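Structure first, then comments.
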Amino acid sequence: MKVLVVGSGGREHALCRALARDPNVGSLVCAPGNAGTAELAEPRPLRVDDPDAVAALAESVRADLTVIGPEVPLVAGAADEIRARGLRAFGPSAAAARLEGSKAFAKEIMRAAGVPTADSRDHTEISSALADLDTFGPPYVVKYDGLAAGKGVTVTTDRDAAVDAVRASLRGPDDRVVLEEYLDGPEVSLFAIVTESGSVVPLLPAQDHKRVGDGDTGPNTGGMGAYTPLPWAPRNLTAEVVRTVIRPTVDEMARRGTPFTGLLYAGLALTSRGIRVVEFNVRFGDPEVQAILALLNTPLTDVLSGRRPPVWRSGAAITVVVAAAGYPANPRLGDPIRGLAAADALAGVDVLHAGTRRDEQGQVVASGGRVLSVTAIGSNLESARGSAYEAISRISLDGAHYRTDIGDPSRMRGAVGVHRAGSGVGDLHQSQDQQDKKE
């Protein structure tokens, strides 16, 4: 089987690693890829926001399966274009991808399906939104309705900052803003594969850490680390989320004539009032997928197709993100990265590339804000943490920074940035090229 992976981040490197270990896979292409994926897959140039270009590439390389990593091509309809050419794609249609592409639409689906989520109202006019602002806060939760590369949300106790976020979200005539009640409690990410027959196959729950600094301090980011499984989570958590969140959502989408297939990601808050959905994504989340796939024993293509249920290794996995100097506000690009081979040589460690490329001299340099995802497995979380941080100690990147408390047992339930707040309202309407450089 020949597989095309679309994307260039740590998520795509994790997918390529899992697919390279899959006995069903004979060859891999990753477009556009990065310096790490190029060691496993044939790189191809690609504009991922052009669904016709994505489908044309799948056709030209004769891909038996195309796995679409980022949200932008999915919302743009890349999976539709691939299927229109008689090829297989893992990912939802553009109509179903609106679950991520529009927060207001996702709320509409959740209300219709009876899925527990935060109370909210959406607005297209600044005056009505500002008049409604104090209905839910403080803390104020302001969400730009469309895609914003994980930076379209502001959570703040500062009313002036909330007002600024509303105004920034409603700059254009087609813009919409969602105001939402604040949710307390730790955050959990649960991924579920939805097959073409409508079966739901949940993966391991994970916890992501969004704030840039230890102790959940500083601005929010695309994610600074994650771990799985969650020893503190209720035993029936996965079954409960499938029953109350995933299954009703999938059924509602089918009822509307826009069936969902692919990966449905539920960002959850375990509140004092029970499980609440913070958001839906329609693709694997980064950095959670790096840790989850590290524990997968079943061939990935069998899991994606629903041919076989996932079987997991015992133990735990952790991912720690190494970020460039200045991330998330203004990451410095072009710095050389050394020690990668020494770090990757550690048992149970995968050094996954995110924002990397090779320069004219052939050395690996930073090309994005989140540069590496150092992923380690161990017999328990403590062992995995030790391996991950030992690997990081072998890597040299001038000005790099990372969190030292990912998976720390003393604060495991402490990742409560459940609204995935952005690093600033000024980020809401950046171009995709600018967002890619930050990530």
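Just so it is clear, the structure is predicted and the values come from calculations on it, not from any experiment. All values below come from the heavy atoms of this structure, side chains included, with hydrogens, waters and symmetry mates left out.
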| task | Just do the side-chain contact (heavy atoms from CB on, under 4.5 Å) check on Asp359 and Val364 with the steps written out, would you? | result | CA-CA 7 Å; Asp359 66 10; Val364 178; over 6 Å; no
| request: Would you check, one step at a time, whether the test side-chain hydrogen bond (donor to acceptor under 3.5 Å, both in side chains) holds for Asp145 with Ser102? | output: CA-CA 5 Å; Asp145 179 58; Ser102 168; 3.0 Å; yes
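Counting only N and O atoms by type, the side chains of Ser128 and His123 include a donor and acceptor under 3.5 Å apart. For the residue pair Asp214/Thr404, the side-chain donor-acceptor check at 3.5 Å is satisfied. A donor atom on one side chain and an acceptor atom on the other are not found under 3.5 Å apart for Asp158 and Thr156. Side-chain polar atoms of His209 and Asp216 form no donor-acceptor pair below 3.5 angstrom. Inspection of the Thr375 and Thr319 side chains reveals an N or O donor paired with an N or O acceptor under 3.5 Å. Side chain to side chain, Ser189 and Tyr265 meet the donor-acceptor criterion of an N or O pair below 3.5 Å.
Contact detail for Val29 and Arg44: the closest heavy-atom pair is CG1-CG, 3.7 Å. Closest approach of Ile246 to Ala192, counting heavy atoms only: CG2-CB, 4.0 Å. Among all heavy-atom pairs drawn from Pro287 and Val321, the shortest one is CB-CG2, 4.2 Å. Scanning both residues, Thr66 and Ala58, for their nearest heavy atoms gives OG1-CB, 3.4 Å. In terms of heavy-atom proximity, Asp286 sits nearest to Arg11 at OD2-N, 3.3 Å. What you find for Phe90 and Gly262 is that their closest heavy atoms are CZ-C, 3.5 Å.
Taking the salt bridge (charged side-chain N to carboxylate O under 4.0 Å, His left out) definition, one finds that Arg98 meets it with nothing, sequence neighbours left out. Contacts of Arg394 classified as side chain to side chain contact (heavy atoms under 4.5 Å, CB included), with partners at least two apart in sequence or in another chain: Ala342, Ala343, Leu346, Glu390. With sequence neighbours left out, Arg256 forms a side chain to side chain contact (heavy atoms under 4.5 Å, CB included) with Phe105, Glu108, Ile109, Ala112, Glu252, Thr258.
At a threshold of 4.5 Å between non-hydrogen side-chain atoms, the residues Arg211 and Thr221 do not count as touching. Side-chain contact between Leu99 and Thr249 is present, with at least one heavy-atom pair separated by less than 4.5 Å.
When the options Asp119, Val141, Val142 are evaluated for a side chain to side chain contact (heavy atoms under 4.5 Å, CB included) with Phe136, the one that passes is Asp119.
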